[in-house]
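Chain A is the first sequence line, chain B the second, and so forth, proteins listed ahead of strands; every chain is numbered from 1. Here the structure is a predicted model, which means the values were calculated and not measured.
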There are 2 protein chains.
Amino acid sequence: MPQIDTVDRILHAATVLFAEQGFSETSLRAITSTAGVNLAAVNYHFGSKKELIQAVFNRFFVPFCAELESRLDELEATPDQDLETLLRAALQAILVSTEKIDERPQRFMKLVSLGYAQPQEHLRQFLVANFSLSYQRFIVLLKHAMPEVSHTEFYWRLYFMMGAAVFNLSSYDPIRAILQLEYNEDTSLEEAVELLIPSLVGILDVPNAGKR
Amino acid sequence: MPQIDTVDRILHAATVLFAEQGFSETSLRAITSTAGVNLAAVNYHFGSKKELIQAVFNRFFVPFCAELESRLDELEATPDQDLETLLRAALQAILVSTEKIDERPQRFMKLVSLGYAQPQEHLRQFLVANFSLSYQRFIVLLKHAMPEVSHTEFYWRLYFMMGAAVFNLSSYDPIRAILQLEYNEDTSLEEAVELLIPSLVGILDVPNAGKR
DNA sequence: TGTACATCAGTGAACGCGCGTTCACTGATGTAC
DNA sequence: TGTACATCAGTGAACGCGCGTTCACTGATGTAC
């Protein structure tokens with residue numbers, strides 16, 4: 001009984017289980033039984049568990065970078081964009097690109113934070129080799145929007161901001177659940193992103209003591 | 001050849017290796033050979049790997065909560081503290097309590113982010129059971145410092161802020177290394193914390209459009 | 001003080017289990033002549 | 001058109017390895033009488 005698309009079934013099951021449990025905690029047997037395919041199919045199609053992990057990241061990063069690049073083209077055409085516009089563009093690229101592959105942005109960000117928390121050298125090298133160009137273009141635009149800030153301050157704030165953004169989107173489901181349970185207030189993902197943007201601007205664009 | 005303090009040697013080796021590699025990725029054999037103790041000593045002293053993980057967290061959280069509680073006593077005595085004072089108190093509690101057990105704040109925060117990224121239900125229950133009271137007291141003070149903000153907005157910003165703080169402190173070493181390599185600029189941990197505080201305030205205390 | 005027993009920290013070897021991976025194999029489809 | 005072979009997706013069972021855990025044991029120290 002051959003499956004219609006074994007590769008896609010494996011990729012989807014791996015995405016869900018990796019995001020829920022982590023890479024080491026998810027066995028190939030769990031992935032293949034969830035996907036309804038034979039255990040040996042992972043090694044047949046992907047070669048190894050490591051290469052499956054890379055394929056899962058690739059599935060998110062290829063459309064994300066394409067989406068981001070097209071927005072960067074527009075942003076670079078109009079100089080002196082403000083921080084809010086730049087951050088909204090990046091967040092929109094996340095939302096739109098995950099929807100195109102029929103996935104959830106929370107899973108994408110959860111995988112990113114897992115990849116960061118459990119440093120897998122093969123994964124880091126893979127991501128740098130494939131996607132650092134789009135990343136660099138975005139950073140240049142951000143830097144231009146904060147001309148008065150020193151290198152050191154800029155990069156520290158940049159990493160604060162990215163940590164907050166990734167953590168927030170990857171934690172959307174549990175935070176939403178807590179707020180529903182305790183205050184009976186629901187927040188859609190779009191609303192959460194809109195709440196997030198001013199906070200991200202607040203991280204980068206710290207008011208000086210003199211300004212207040 | 002009995003060791004002077006096998007329990008401490010195991011706890012320290014486990015802390016270092018867990019923070020570097022994650023829980024599942026670190027075997028008891030790696031921990032015991034690093035600590036220079038017998039493999040069976042972990043199960044003898046702690047019972048199981050899960051209980052060892054809890055003991056590692058306990059080692060950080062007990063002095064941290066003690067430190068935080070004593071600062072909360074002072075802060076509650078003087079009403080209407082501003083956000084910066086509250087956040088600095090919490091960060092100071094992290095720095096001081098880790099120094100007291102001769103550890104590094106980066107490792108503490110890395111363990112917290114690992115515990116969050118790889119949800120271990122036993123760990124979550126353990127932390128809630130032991131340390132949620134101090135946490136709640138701190139949240140109440142923060143809420144009082146932001147009286148104009150709705151429940152929903154407050155909690156979203158709170159989680160943004162905590163995500164940014166944990167991520168930043170746990171990533172201090174690699175970020176510092178990047179900045180040293182590329183710009184030859186060094187940032188001490190204390191300086192990084194001082195850079196972090198205004199950004200954390202910026203997350204919570206988002207300027208309204210009308211205020212600017 | 002001497003002896004018998006209990007307690008405790010630590011040890012070495014082994015246990016069973018689940019893991020990623022491998023391999024010989026099957027059956028369907030495509031291709032060459 | 002028919003036949004022989006090649007290719008390819010998928011399979012079932014097994015492999016060896018490293019894992020957390022267990023257990024019988026040792027040797028030192030403490031305690032009771």
S.K.: Could you tell me whether F108(B) and F64(B) have their ring centroids closer than 6.0 angstrom?
M.R.: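 That pair passes the under 6.0 Å test.
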
S.K.: In plain terms, say whether R124(A) and E121(A) are close enough for a salt bridge, that is, a side-chain N and a carboxylate O under 4.0 Å apart.
M.R.: yes

S.K.: Taking the six-membered ring for Trp, are Y183(A) and Y155(B) closer than 6.0 Å centroid to centroid?
M.R.: yes

S.K.: Tell me the interatomic distance from F18(A), atom CZ, to dG20(C), atom C1', rounded to whole angstroms.
M.R.: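 Result: 12 Å.
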
S.K.: Is any NZ, NE, NH1 or NH2 atom of the basic residue among R137(B) and E69(B) found under 4.0 Å from an Asp or Glu carboxylate oxygen of the other?
M.R.: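 Yes, R137(B) and E69(B) are salt-bridged.
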
S.K.: With respect to the side chain of A40(A), which nucleotide from dT21(D), dC23(D), dT22(C) is positioned closest?
M.R.: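 My answer, after comparing the listed nucleotides, is dT22(C).
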
S.K.: Output yes when at least one side-chain N/O atom of H45(A) is less than 4.0 Å from OP1 or OP2 of dA9(D), else no.
M.R.: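 No.
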
S.K.: Taking only N and O in the side chain of Y44(A), is any of them less than 4.0 Å away from OP1 or OP2 of dA9(D)?
M.R.: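 Checking dA9(D) against Y44(A), a side-chain N or O does come within under 4.0 Å of OP1 or OP2.
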
S.K.: Think N38(B) has a side-chain N or O under 4.0 angstrom from the OP1 or OP2 of dG10(C)?
M.R.: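 For dG10(C), OP1/OP2 do not have a side-chain N/O of N38(B) under 4.0 Å.
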
S.K.: With both distances under 3.5 angstrom, what nucleotide forms a Watson-Crick or G-U wobble pair with dT29(D)?
M.R.: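 Check on dT29(D): paired to dA6(C), both distances under 3.5 Å.
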
S.K.: Rounding to a whole Å, what distance do you find between E25(B):CD and dG18(D):C1'?
M.R.: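 To the nearest whole Å, that distance equals 14 Å.
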
S.K.: Does OP1 or OP2 of dG18(D) have a side-chain N or O of S27(B) closer than 4.0 Å?
M.R.: no

S.K.: For S24(B), answer base if it contacts any base atom (sugar-phosphate contacts may also be present), sugar-phosphate if it contacts only those atoms, and nothing otherwise; contact means non-hydrogen atoms under 4.0 Å.
M.R.: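 Counting heavy atoms under 4.0 Å across all strands, no contact is made by S24(B).
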
S.K.: Rounded to the nearest Å, what distance is computed from the CZ atom of residue F46(B) to the P atom of nucleotide dT21(D)?
M.R.: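 My rounded result for the distance is 13 Å.
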
S.K.: Determine, step by step, whether I53(A) and F126(A) satisfy the side-chain contact (heavy atoms from CB on, under 4.5 Å) criterion, reporting the C-alpha distance in whole Å, the side-chain angles of both residues, the deciding distance to 0.1 Å, and the verdict.
M.R.: CA-CA 10 Å; I53(A) 294 174; F126(A) 174 80; over 6 Å; no

S.K.: Once you round it to whole Å, what is the distance between C1' of dG10(C) and CG of D8(B)?
M.R.: 16 Å

S.K.: Tell me what T32(B) touches on the nucleic acid: a base, only sugar-phosphate, or nothing, going by heavy atoms under 4.0 Å.
M.R.: nothing

S.K.: Calculate the interatomic distance between L39(B) atom CG and dC23(D) atom C1'; express it in whole Å.
M.R.: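 Whole-Å distance recorded here is 13 Å.
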
S.K.: Once you round it to whole Å, what is the distance between P of dT21(C) and CG of N43(A)?
M.R.: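 N43(A) atom CG is separated from dT21(C) atom P by 5 Å.
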
S.K.: I10(B) has an atom CD1; how far is it from atom C1' of dA9(C), in whole Å?
M.R.: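 Rounding to the nearest Å, CD1 of I10(B) and C1' of dA9(C) are 11 Å apart.
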
S.K.: Just how far, in rounded Å, is P of dG18(D) from CG of L28(B)?
M.R.: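 These atoms are roughly 15 Å apart.
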
S.K.: Give none if dA13(D) has no partner; otherwise give the nucleotide forming a Watson-Crick or G-U wobble pair with it, both distances under 3.5 Å.
M.R.: dT22(C)

S.K.: Is a donor-acceptor contact shorter than 3.5 angstrom present between the side chain of R29(A) and the base of dG18(C)?
M.R.: no

